[in-house]
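Below is one structure, written out as structure tokens; comments come after it.
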Amino acid sequence: IKGRRIELNEIQECLSSFKGVDKCVVVVKENSLGNKYLMAYYLTSNDELDEDLIHDYLKTILPDYMIPTRIIRLDKFNKLQSGKIDIQSLPNIEDVIRADYVEPRNHIETALCEIWTKLLCIERIGINDSFIRLGGDSIQASKLSAELEDKFEVNVSVSELLNLKTVSAISDFINKYQKDKLNKDE
């Protein structure tokens, strides 16, 4: 993926080692535009376990390029007649995004969603979607930073973008920046 060798078994072993993960599978998926990404799916009986906890854990033991784009909790794995997990039945990132989708509420959020769509090659992006979880990286964040400067005349560093994470948070940052600039100009 993106020119790097990915060891799915290694990622799966790390995910399995997280306390509370009963069973898991990691696969390479491809979006509608042909871009490949990692998805992880797990089963657990622990209601407290969530994607963020697992994501943070994996970041401590795997390189960034081996961290799955999304880590999805499922109720069960569909099985083939052979007893193996039916990989084709696992949801794609677009399916997960559609389930969590919150539409833009203003012109800044709308513009940000359009920019992200172009950068990440994902058709429908909501305001609570995470840039990193959608497959964004520092190179794309650098491009996003340049786009924001052109479109909104706001200077946002790559590290700030990666910390802000969502369209909603970046929109709030832009609004605050523009208000502060307006107050200084008066």
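As the structure is a computational prediction, the values presented were derived from the model and not from experiment.
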Subject >> Among D22, D47, D50, the one residue meeting salt bridge (Lys or Arg N to Asp or Glu O under 4.0 Å) with R73 >> reply: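 Passing option: D47.
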Original post:
Looking only at heavy atoms, which two atoms of A111 and K151 are closest? And how far apart?
Top reply: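 Heavy atoms only, the tightest pair is CB-CE, 3.5 Å.
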**OP:** Of all the heavy-atom pairs spanning L112 and V167, show the shortest one and how long it is.
**Re:**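 Heavy atoms of L112 and V167 come nearest at CD1-O, 3.6 Å.
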Could you measure the distance from the [atom1] atom of [X] to the [atom2] atom of [Y]? Nearest 0.5 Å is fine.
| X | Y | atom1 | atom2 | value |
| --- | --- | --- | --- | --- |
| D129 | R124 | CG | CZ | 10.0 Å |
| N163 | F131 | CG | CZ | 12.5 Å |
| I71 | I54 | CD1 | CD1 | 6.0 Å |

Might you confirm whether atom [atom1] of [X] has over 12 heavy atoms from other residues, nucleotides or ligands at distances under 6.0 Å?
| X | atom1 | result |
| --- | --- | --- |
| K29 | NZ | yes |
| K79 | NZ | yes |
| E160 | CD | yes |
| I6 | CD1 | yes |

Subject >> Between S157 and S159, a side-chain donor and acceptor under 3.5 Å >> reply: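 Checked: S157/S159 side chains pair up, N/O donor to acceptor below 3.5 Å.
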Original post:
Hey, are K76 and N78 close enough side-chain-wise for a donor-acceptor pair under 3.5 Å?
Top reply: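 Yes, K76 and N78 have a side-chain donor paired with an acceptor closer than 3.5 Å.
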Original post:
So, R5 and E7, do they make that salt bridge, N to O below 4.0 Å?
Top reply: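 Looking at E7 together with R5, the answer is yes, because their closest N to O distance falls below 4.0 Å.
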Original post:
Is K176 paired with D180 through a side-chain N to carboxylate O contact shorter than 4.0 Å?
Top reply: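 Salt bridge: yes.
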Subject >> N106 side chain reached by S171 side chain, heavy atoms, under 4.5 Å >> reply: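 Side-chain contact under 4.5 Å: yes.
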Identify all side-chain donor-acceptor contacts of residues 55-69 below 3.5 Å with residues at least two apart in sequence or on another chain.
| from | atom 1 | to | atom 2 | distance (Å) |
| --- | --- | --- | --- | --- |
| Y57 | OH | S17 | OG | 2.6 |
| T60 | OG1 | Y57 | O | 2.5 |

